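Everything on this sheet refers to the single structure shown next.
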Amino acid sequence: MNIPMLLQRPHQHFLKGLLRTPFRRYCFIFHPSLHLGSGILCAQLLSSPGLHWAKWMLPSNGLTRKLCLQTTLEEHTEGLSDKEQRLVDKLYAGLIQGQRACLAEAITLVESTHSRKKELAQVLLQKVLAHNREQEKLNKGKPLAFRVGLSGPPGAGKSTFIEYFGKMLTERGHKLSVLAVDPSSCTSGGSLLGDKTRMTELSRDMNAYIRPSPTRGTLGGVTRTTNEAILLCEGGGYDVILVETVGVGQSEFAVTDMVDMFILLLPPAGGDELQGIKRGIVEMADLVAITKSDGDLIVPARRIQAEYVSALKLLRRRSGVWRPKVIRISARSGEGITEMWDKMKEFQEVMLVSGELAAKRQKQQKVWMWNLIQENVIEHFRTHPAVREQIPLLEKRVLSGALSPGLAADLLLKAFKSRH
Ligand SMILES: Nc1nc2c(ncn2[C@@H]2O[C@H](COP(=O)(O)OP(=O)(O)OP(=O)(O)O)[C@@H](O)[C@H]2O)c(=O)[nH]1
């Protein structure tokens, strides 16, 4: 690094010293009154690879200017071997050219739990993000893709619907990707959504890409990779992204934090069959579609539709511009599906024009960041040697009533802090 000549010697030592410490990656606070040329010093440090952020204080008017830099990418890129660099370049080039094999390989990379591969995945993601931002600018600031969450209980008709709906979209010139989030595969090893026999025709369509759920990891891990897979699909030119979940667990709530619109598919069945559906999920829906509205099922489908129309009226409105709608569809006869797509586009348009879509996406970014922090911090806490060795005993004492949960938590936190 070049140190400007006008800086005095102490500053050179100071700067050189800092750049050798591990702290250089975190933060520096500069105060112009403390030393001459701090602005230059700050600028030099900001260009140093690996610095996460620096803060430059201007005391004259009390204004604090924050300069945030994400140079982690540079740091990773510098450390890549030729082979790794070639892999990232190959995946990036193939992905943005729309090659499905490269998209698939890129998603496998973000799903990897191997630490080096995770780093490579982040380098690739940064490149794709930069590409997406460019494309968005060319698109006059409009989002590249319509992100839609789709959920429903097992047997609601999700795969039959996606097959029909997906073919309709590709025939109209759209590129569709279907990503599955299936928490059952995390806990039991089995997968409700992952089997390849679903959506056979759509999976042969060159303008559709179907990705089964990752088969390992916590729900948090699965949602993280789904979030990243969405970005990769957008880089690959997919303009409609369906994120599918089984409407029985927590995954729907996670999915609502990564999509623009959340759709609930419900079969024309009575209350008992729908008990598994959590009330909260209905509240999250922007559109409820009653499936299988054909033949003998038209009558019960109408009844369920009326029930949900009344139920939704009682719910608190989540958007200033959109009221959730209840429609009836049949993937067998095709009825209602074009109208459903029209409703979806109407939703996207009003949300875009009102600015709610941009606000929602911004909020989601923040939620996503904090979810990741929360997950990592808890993991760090649990595996910390001083904590790990005390957990079994303290848990036992809490269970037997010998210790209050609050005290046990305090003791563990104390152990964590003392040896940190
Ligand atoms: N009558 C009628 N039956 C349908 C329709 N759509 C799906 N079905 C039937 O409903 C059953 C379940 O459909 P799927 O599409 O497999 O449902 P799913 O929600 O994907 O189910 P999981 O894969 O278990 O989550 C199948 O027997 C389908 O033939 C429809 O529009 N009309």
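Just the heavy atoms: all of them, side chains too, but no hydrogens, waters or symmetry mates, feed the values below. On a predicted model such as this, the values are computed, not experimentally measured, just so you know. One-based numbering, in listed order, for ligands and for the atoms of each.
Taking only nitrogen or oxygen atoms, main chain and side chain alike, Gly157 reaches within less than 3.5 Å of ligand 1. Any N or O atom pair closer than 3.5 Å counts here, and Ala156 shares at least one such pair with ligand 1. Note: no N/O pair closer than 3.5 Å links Glu244 and ligand 1 by distance alone.
Of all the heavy atoms in Gly155 and Lys158, the pair that sits closest is N-NZ, 4.3 Å.
Under the ring-ring contact (aromatic ring centres under 6.0 Å, His included) criterion, Trp322 pairs with Phe347, not counting sequence neighbours.
Taking every non-hydrogen atom of Ser330 and a distance limit under 4.0 Å, the qualifying atoms of ligand 1 come out as 31 (O). Heavy-atom contacts of Lys158 reach the following atoms of ligand 1: 15 (O), 17 (O), 18 (P), 19 (O), 20 (O), 25 (O) (cutoff under 4.0 Å).
Residue pairs satisfying the ring-ring contact (aromatic ring centres under 6.0 Å, His included) criterion with at least one member in residues 86-141, sequence neighbours excluded, are absent.
In Asp294, the part holding a heavy atom less than 4.0 Å from any atom of ligand 1 is the side chain.
Relative to atom 5 (C) of ligand 1, the option among Lys292, Arg332, Glu163, Glu335 with the closest non-hydrogen atom is Lys292. Scanning Ala331, Ser151, Ser333 for the heavy atom closest to atom 31 (O) of ligand 1 points to Ala331.
Side chain to side chain, Asp205 and Thr170 meet the donor-acceptor criterion of an N or O pair below 3.5 Å.
Partner Glu234 forms a salt bridge (charged side-chain N to carboxylate O under 4.0 Å, His left out) with one of Lys175, Arg133, Arg147 and no other, that one being Arg147. Residue Ser293 forms a side-chain hydrogen bond (donor to acceptor under 3.5 Å, both in side chains) with just one option from Gln305, Arg328, Glu335, Arg302, and that option is Arg328.
Within the 4.0 Å heavy-atom shell around ligand 1 one does not find Gly152.
Between Phe161 and Phe165, the angle of the ring planes stays under 30°, which puts this pair in the parallel group of the 30/60° scheme.
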